[in-house]
Amino acid sequence: MTMQQRIEQQLAGLAPQHLEVLNESHMHSRGQETHYKAVIVSEQFAGLNSVKRHQKVYATMGELMQQIHALAIHTYTAQEWAQVGAAPASPVCAGGAKH
């Protein structure tokens with residue numbers, strides 16, 4: 001099972017209506033599977049601010065968080081997702097890139 005699949009499996013615990021986990025490791029120079037982006041649409045985020053939503057994601061990820069370097073988290077309720085329709089693009093990594 002890939003790390004991406006393991007992340008998806010963990011985040012399924014949030015009962016998402018939409019879940020997208022992207023491996024963004026290629027945007028970084030380490031050559032390892034360490035950078036991911038998660039777009040999670042779940043009613044479990046209703047009434048929670050951004051910090052509480054992220055805490056809920058970290059709690060759901062558990063010890064798996066220790067095995068990755070970075071996880072960009074984008075959380076939405078179904079109503080919010082219907083309005084935005086897409087997560088923002090990830091910035092290009094500034095660390096270690098050769099320009």
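Not measured: the values here are computed from a predicted model.
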Which atom pairs, one a donor and one an acceptor, fall under 3.5 Å between side chains of residues 71-89 and the rest of the protein, sequence neighbours left out?
{"unit_1": "T77", "atom_1": "OG1", "unit_2": "E80", "atom_2": "N", "d": "3.2"}
{"unit_1": "E80", "atom_1": "OE1", "unit_2": "R53", "atom_2": "NH1", "d": "2.8"}
{"unit_1": "E80", "atom_1": "OE1", "unit_2": "R53", "atom_2": "NH2", "d": "3.3"}
{"unit_1": "E80", "atom_1": "OE1", "unit_2": "T77", "atom_2": "N", "d": "2.8"}
{"unit_1": "E80", "atom_1": "OE2", "unit_2": "R53", "atom_2": "NH2", "d": "3.0"}

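For the side-chain contact (heavy atoms from CB on, under 4.5 Å) test, residues two or more places apart in sequence or in another chain that qualify with L19 are E8, L11, P16, V21, I40. The salt bridge (charged side-chain N to carboxylate O under 4.0 Å, His left out) check on E43 picks up nothing, with sequence neighbours excluded. Judged as a side-chain contact (heavy atoms from CB on, under 4.5 Å), and not counting sequence neighbours, the contacts of S50 are H54. With sequence neighbours excluded, no residue satisfies ring-ring contact (aromatic ring centres under 6.0 Å, His included) with Y36. The side-chain contact (heavy atoms from CB on, under 4.5 Å) search around Q55 returns V51, K52, not counting sequence neighbours. Contacts of Q67 classified as side-chain hydrogen bond (donor to acceptor under 3.5 Å, both in side chains), with partners at least two apart in sequence or in another chain: R6. The side-chain contact (heavy atoms from CB on, under 4.5 Å) search around A59 returns none, not counting sequence neighbours.
Side-chain atoms of Q44 come within 3.5 Å of backbone atoms of L14 as a donor-acceptor pair (strictly under, hydrogens ignored).
For the atom pair M65 CE and T60 OG1, the distance stands at 11.0 Å (nearest 0.5 Å). One finds the OG1 atom of T34 at 9.5 Å from the CE atom of M3 (value rounded to the nearest 0.5 Å).
Other cluster members for L22: none, since no ILVMFWY side-chain heavy atom sits under 4.5 Å from it.
The stretch residues 58-68 participates, sequence neighbours left out, in no salt bridge (charged side-chain N to carboxylate O under 4.0 Å, His left out) pair at all.
One hydrophobic cluster, built from ILVMFWY side chains closer than 4.5 Å, cannot hold both Y58 and L48; they sit in different ones.
Residues I7 and I68 are in side-chain contact: their nearest non-hydrogen atoms beyond the backbone lie under 4.5 Å apart.
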